Amino acid sequence: MHKSLSQIQTDLKDKKLKVVEIVSFYLENIEARNGELNAFLEVYKEEALAKAQELDKKLSNNETLGRLAGMVLGVKDVICQKGKPIKAASKILGNFESVYTATALQRLIDEDAIIIGSLNCDEFAMGSSSENSAFGIIKNAQDTQRVPGGSSGGSAVAVQAEMCLAALGSDTGGSVRQPASFCGVFGVKPTYGRISRHGLIAYASSFDQIGTLSHNLEDAALLTEIMSGKDDFDSTVSQKEVPAFSTELAEKTDKKFRIAYIRQALEHPSLDKTIQASIFESFEKLKAEGHTVEAVDFPLIEYLVPTYYILTAAEASSNLGRYDGVHFGWRHPEAQTLDEVYELTRTYGFGAEVKRRIMLGTFVLSSGYYDAYYTKAQKIRRMVQDATLQILENYDVIAGPTTPSPAFKIGEKKKQDPTQMYLADIFTVQANLAGGLPALSLPLYKHKEDNNLPFGLQLMGNKFEESEMLKVGRAFVELG
Ligand code: GLN
């Protein structure tokens, strides 16, 4: 199947392809590979085929279709669709079904996107390897001994293994970009506040943002454009006009971009040497075309991971208070008293990582430690934002590695202390901490010394400057 919506739409228009054929192609791939990869939790087979037939009928009557006709989409199991089970890959939601559809998803459906199923992920989007789902680990389609990254692992694998054309994920500290890097696909996280979070299950509300996984930047731009913009159900969404990202990306430009890279990131001891060398090679290619690539200092790098984990755990401990066996989903069947309802439901309903974060978050918010941890972390968050925005005053984007290594082995980091897993996020959390900057991962490379595993280059743009970031992304893709 074509790996781009525009090619698919051309064939649909020329009557060389039917929507039913597209959906059937993905359903067959799901059938063939999902048993092993475990990317999908639910497949909406009948519904997807019925919608495809409806679109084919409209096509044969020459009716105009929505802008996403032919787009077959998988959706991370933290984004609600009315009447469908939603679990956040946790046991605690039981058989709960969404009572409304997320604004972002509704906008895609309204443009004739077909939703093919819900995608497995780390429980409540907490993790960097997709080993924290209550419904089993997800495997990297290129090498099934490896993790796909997380938390949107199912979204990345579904696109990687062509089980759908594109997928929605969520990114609190890298959950779209890191799995994109590990699976060799494009991951785009727009600015915090660009897309409504209404209907997105909250992990850390001041960081969470919906993003896309796709085979190219054009599909990402179109999906982002359609999802973006103000929403009465989420007051944190920006009122700013949404640029036509897809049209702007399609425009030719001979602009010479100004690109910064953070010296402390490219020289970081945790960074794989092949990744480092590949990124410097790309920088040389861009320079040869007249773009500027310069080193800048960002001395706060070692503070990123601890600050991120203190703040997100704090927010998570509050957000996850609602799963108490009373309001939603599952309740432990043996609970008799009120205390038992809370205690047993939460003890058996949540997985280990989620409980760790609730405890960590409760601790850093407790009166005795609030100033030492939470207040201090908020101050550092501001310093990170100021320092990052200062760099972006002089440059269009900040470029660097998405991840310190290619996909690691299943079990490799999980058996170590949790800090090792958290450190996998060192390069991605900066965008979220620095006021929610837009960021993306481009699947530019294969690791020759490590099984040809893919890895990505990350770009961080200025707030609400997704268009510029996408254009720089295209320059990198074109020059390799
Ligand atoms: N790996 C990070 C975490 O565990 C990021 C997760 C995310 O972006 N949802 O918090």
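Atoms within a ligand are numbered from 1 in the order they appear, just like the ligands themselves. FYI, side chains are in, hydrogens and waters are out, and symmetry mates aren't considered; it's all heavy atoms of this structure. Remember, predicted model here, so these are calculated numbers, not experimental data.
By the 4.0 Å N-to-carboxylate-O rule, Glu225 lies close enough to Arg67 to be salt-bridged with it. Between Glu353 and Arg357 there is a salt bridge, since a side-chain N of the basic residue sits under 4.0 Å from a carboxylate O of the acidic one. We find that Lys84 and Glu42 are not joined by a salt bridge, their nearest charged nitrogen and carboxylate oxygen being 4.0 Å or further apart.
Each of the atoms 5 (C), 7 (C), 8 (O) of ligand 1 lies under 4.0 Å from some heavy atom of Gly173. Near Asp171, the atoms of ligand 1 lying under 4.0 angstrom from a non-hydrogen atom of the residue are 8 (O). Contact atoms of ligand 1 toward Gly127: 1 (N), 2 (C), 3 (C), 4 (O), 6 (C) (distance under 4.0 Å to a heavy atom of the residue). The contact set between ligand 1 and Tyr203, taken as ligand atoms under 4.0 Å from a residue heavy atom, comprises 3 (C), 9 (N), 10 (O). Every atom of ligand 1 with a heavy atom of Arg357 under 4.0 Å away is listed here by number and element: 3 (C), 4 (O), 10 (O).
Minimum heavy-atom separation, Ala314 to Leu365: O-CD1, 3.5 Å. Annotation for Ser98 and Cys80: closest pair OG-CB, 3.3 Å, computed over non-hydrogen atoms.
Distance from atom 2 (C) of ligand 1 to its nearest protein heavy atom, with residue and atom name: Asp425 OD2, 3.2 Å. Nearest protein neighbour of atom 6 (C) of ligand 1, counting heavy atoms only, is Ser175 OG, 2.8 Å. Taking atom 3 (C) of ligand 1 as the reference point, the nearest protein heavy-atom neighbour is Tyr309 OH, 3.3 Å. Scanning the protein for heavy atoms near atom 5 (C) of ligand 1, the closest one is Tyr308 OH, 3.3 Å.
The proximity of Arg177 to ligand 1, defined as any non-hydrogen pair under 4.0 Å, does not occur for either the backbone or the side chain. Contacts between Ala125 and ligand 1 below 4.0 angstrom, taking non-hydrogen atoms only, involve backbone and side chain alike.
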Pair up each side-chain donor or acceptor in residues 166-174 with any protein partner under 3.5 Å, not counting sequence neighbours, and list the distances.
residue : atom : partner : partner atom : Å
Ser170  : OG   : Lys76   : NZ           : 2.8
Asp171  : OD1  : Gly174  : N            : 2.8
Asp171  : OD1  : Arg177  : NH2          : 2.8
Asp171  : OD1  : Asn432  : ND2          : 3.1
Asp171  : OD2  : Val176  : N            : 3.2
Asp171  : OD2  : Arg177  : NE           : 2.9
Asp171  : OD2  : Arg177  : NH2          : 3.3
Thr172  : OG1  : Asp208  : OD1          : 2.7

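Between Tyr308 and Phe207, the ring planes are perpendicular. Angles over 60° get that label, and only those under 30° would be called parallel. Classification of the Phe124-Tyr323 ring pair by plane angle, with boundaries at 30° and 60°, yields tilted.
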